[in-house]
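Written below as structure tokens is the structure these notes are about.
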Amino acid sequence: MKAIKTILSLLSVMTIFLLAACGGTDEKTTEKNDTTKTTEEKSYTIDHAMGSTTIKGTPKRIVMLTNEGTEALLAMGVTPVGAVQSWTGDPWYEHIADKMKDVKVVGTESEVNVEAIAALKPDLIIGNKMRQEKIYDQLKAIAPTVYAETLRGDWKENFKLYAKAINKEEKGNEVLSAFDTHVSDLKAKLGDAVNQEVSVVRFLSGTTRIYYTDSFSGIILDQLGFKRTSQQTELFTADNKLGNLAIEVGKEVIPKMDGDLIFYFTYAPNGDKTALGTAKEWTNDPLWKNLNAVKNGHAYEVSDAVWNTAGGVLAANLMLDDIENKLVK
């Protein structure tokens, strides 16, 4: 009888140890899962044009409110759930259309549809103070919202902010590094060609501009090492309303559009006939036809979207390709 009691006691003790071990395993698993959850939901704070914004975890449903910002996301392998439509295209630029098939349009940069944004239930909204300052409070009530300060030719500054905002700073650095390598490779291929003086002209509806060093194309041309003509430098005085971005000119200034190379493009959304008419009228003018670059076959018509309007990293790389195709023999 004593032997039976002893055996039963031993079995009870073993059962207790087994239950304790099982309980310990569950607790460790729970702790591991909690740690994973904590890592996924780790918060970070972004300083931006409207203050600072705390974002919880890496955003997955992003709404982008600028054209160049959309290109930044796509270059980093992120497709937004919503974006403002391209300035030209239906609704996207041709060079990004295949990547934007399932993206919802949320208005334009100048007229954002707040209700459409809310319906998408984003976990991050990225906008721009220059374009959308008035609706910042409405947007941040929907989701964490980050604003770039302005839109200018140097797209890299905004790009760095976007990379931080979507928690992909390392990937962003890779994209920037690849672009700089693209520039260096092209510069080597161009050789002495970069010593030429360039002129950049844009035709719009009833308006013509010379674009200069602070423009999207201007900054890239400068990075490649191209020069500007002294006759154009004189046009960009301190009181020019667009600074060193561009200047509006009349036909009497056509002679100052000359250079070793001229790149020109036309902003004609939806096939704007007035803008197309402006381009035709100016390029058929005797003053234009008398320009040395035109007579020498060195006046090149290029894409407005790629050379100016899109303003992002994808367009920047396409612009480099365009220059290579035209100038590298």
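Every value quoted in this text rests on a predicted model; they were computed, and no experiment measured them.
Look at D304 and R202 and you find a salt bridge, because one of the NZ, NE, NH1 or NH2 atoms lies within 4.0 Å of a carboxylate O, short of that distance. One finds no salt bridge joining E197 and K227 here, because no Lys/Arg side-chain nitrogen approaches an Asp/Glu carboxylate oxygen to under 4.0 Å. The pair K189-E324 meets the salt-bridge criterion, with a side-chain N (NZ, NE, NH1 or NH2) lying under 4.0 Å from an Asp/Glu carboxylate O. Using a cutoff of 4.0 Å between basic side-chain nitrogens and carboxylate oxygens, K140 and D137 are scored as salt-bridged. Salt-bridge formation is detected for the pair E281/K251: a Lys NZ or Arg NE/NH1/NH2 atom is positioned less than 4.0 Å from an Asp or Glu carboxylate oxygen.
Under a hydrophobic-cluster definition in which Ile, Leu, Val, Met, Phe, Trp and Tyr are linked whenever side-chain heavy atoms come within less than 4.5 Å, directly or via other members, Y136 and I55 are assigned to different clusters. Under a hydrophobic clustering in which Ile, Leu, Val, Met, Phe, Trp and Tyr are joined whenever their side-chain heavy atoms come within less than 4.5 Å, directly or via other members, V84 and M50 fall into the same cluster. Taken together through direct or relayed side-chain contacts under 4.5 Å among Ile, Leu, Val, Met, Phe, Trp and Tyr, I96 and V63 form parts of separate hydrophobic clusters. Under the 4.5 Å side-chain heavy-atom criterion for Ile, Leu, Val, Met, Phe, Trp and Tyr, I135 and V105 are members of distinct hydrophobic clusters. With hydrophobic clusters built from ILVMFWY side chains whose heavy atoms lie under 4.5 angstrom apart, Y212 shares a cluster with M257.
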In sequence, state the C-alpha distance, the side-chain angles, and the governing distance for D98 and W92, and then conclude on side chain to side chain donor-acceptor pair (under 3.5 Å).
-> CA-CA 9 Å; D98 62 333; W92 314 115; over 6 Å; no

Kindly determine whether D285 and K289 satisfy salt bridge (charged side-chain N to carboxylate O under 4.0 Å, His left out), including the steps that lead there.
-> CA-CA 6 Å; D285 191 282; K289 290 185 175 182; over 6 Å; no

Does the pair V302 and I323 meet the rule for a side-chain contact (heavy atoms from CB on, under 4.5 Å), with working shown?
-> CA-CA 10 Å; V302 293; I323 292 171; over 6 Å; no

Could you check V200 against R228 for side-chain contact (heavy atoms from CB on, under 4.5 Å), going step by step and ending with a plain yes or no?
-> CA-CA 10 Å; V200 180; R228 293 302 179 115; 4.1 Å; yes

How far apart are the C-alpha atoms of L320 and V183, what are their side-chain angles, what is the distance that settles it, and do they pass the side-chain contact (heavy atoms from CB on, under 4.5 Å) test?
-> CA-CA 7 Å; L320 294 178; V183 170; 3.7 Å; yes

Worked check of side-chain contact (heavy atoms from CB on, under 4.5 Å) between T53 and T145 = CA-CA 7 Å; T53 295; T145 301; 5.6 Å; no

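Applying side chain to side chain donor-acceptor pair (under 3.5 Å) to Y93 and the options T88, N67, T309 leaves one that passes, N67.
No side-chain N or O of T54 forms a donor-acceptor pair with one of S43 less than 3.5 Å apart. No side-chain N or O of Q196 forms a donor-acceptor pair with one of H298 less than 3.5 Å apart. Counting only N and O atoms by type, the side chains of Q223 and D180 include a donor and acceptor under 3.5 Å apart. Side-chain contact check for T208 and E248: no donor-acceptor pair (N or O, by modelled atom type) lies under 3.5 Å. Between the side chains of D321 and H182, at least one donor N or O lies within less than 3.5 Å of an accepting N or O. No hydrogens or angles considered: nothing links the side chains of E169 and Y162 as a donor-acceptor pair under 3.5 Å.
Within the model, atoms NZ of K101 and OG1 of T79 stand 11.5 Å from one another, a figure rounded to the nearest 0.5 Å. With rounding to the nearest 0.5 Å, the separation of CD in Q232 from CD1 in I210 is 4.5 Å. Distance check, rounded to the nearest 0.5 Å: CG of N113 to NZ of K104 gives 13.0 Å. Interatomic distance, CZ of R152 versus CE of M130, reported as 5.5 Å (0.5 Å rounding). With rounding to the nearest 0.5 Å, the separation of NZ in K280 from OG1 in T266 is 12.5 Å. Separating the OG1 atom in T45 from the NZ atom in K164 is a distance of 12.5 Å, to the nearest 0.5 Å.
For the pair S215 (side chain) and Y211 (backbone), a donor-acceptor distance under 3.5 Å is absent. Listed for the E68 side chain is no donor-acceptor partner under 3.5 Å among the backbone atoms of L151. Judged by distance alone, the side chain of T233 and the main-chain N or O of T229 form a donor-acceptor pair under 3.5 Å. T181 places a side-chain N or O within 3.5 Å of a backbone atom of S177 that can act as its donor or acceptor partner. Side-chain atoms of T278 do not come within 3.5 Å of backbone N or O of S205 as any donor-acceptor pair. No donor-acceptor distance shorter than 3.5 angstrom exists from the side chain of D222 to the backbone of G218, with no hydrogens or angles considered. Checking side-chain atoms of D258 against main-chain N and O of N292 turns up a donor-acceptor pair under 3.5 Å. The backbone N or O of N167 sits nowhere less than 3.5 Å from a side-chain atom of T58 that would complete a donor-acceptor pair. In this structure, the side chain of D123 engages the main chain of K60 through a donor-acceptor pair within 3.5 Å. Between the side chain of N270 and the backbone N or O of D272 there is no donor-acceptor pair closer than 3.5 Å.
Checked against a 6.0 Å centroid threshold, the rings of F179 and W155 count as neighbours. Between W288 and Y264, the gap from one ring centroid to the other is short of 6.0 Å. Between F263 and W307, the gap from one ring centroid to the other is short of 6.0 Å.
In terms of heavy atoms, D214 sits closest to I219 at O-CD1, 4.1 Å. What you find for V175 and A75 is that their closest heavy atoms are CG2-O, 3.5 Å. When every heavy atom of R131 is checked against every heavy atom of S110, the shortest pair comes out as CD-OG, 4.4 Å. V103 and A83 make their closest contact through CG1-N, 3.8 Å (heavy atoms, listed as atom of the first residue, atom of the second, distance). Smallest separation of non-hydrogen atoms from L65 and I117: CD2-CD1, 3.9 Å. Across all their heavy atoms, E71 and A310 have their closest contact at OE2-CB, 3.2 Å.
Checked against ring pair (Phe, Tyr, Trp, His ring centres under 6.0 Å), Y44 has no partners two or more places apart in sequence or in another chain. Every residue two or more places apart in sequence or in another chain that forms a side-chain contact (heavy atoms from CB on, under 4.5 Å) with A49 is listed here: K129, Y147, E149.
Taking 4.5 Å as the limit, some side-chain heavy atom of L190 sits within range of a side-chain heavy atom of F226. A 4.5 Å side-chain heavy-atom check between F203 and T283 finds at least one atom pair inside the cut-off. Between R209 and L245, every side-chain heavy-atom pair lies at or beyond the 4.5 Å cut-off. Counting heavy atoms from C-beta on, the side chains of V146 and L124 come closer than 4.5 Å.
The environment of N284 atom CG is dense: over 12 non-hydrogen atoms of other residues, nucleotides or ligands sit within 6.0 angstrom. Enclosure of atom CG in N325 by more than 12 non-hydrogen atoms of other residues, nucleotides or ligands within 6.0 angstrom is indicated. Heavy-atom contacts from other residues, nucleotides or ligands closer than 6.0 Å to NZ of K295 number more than 12. More than 12 non-hydrogen atoms from other residues, nucleotides or ligands lie less than 6.0 angstrom from NZ of K156.
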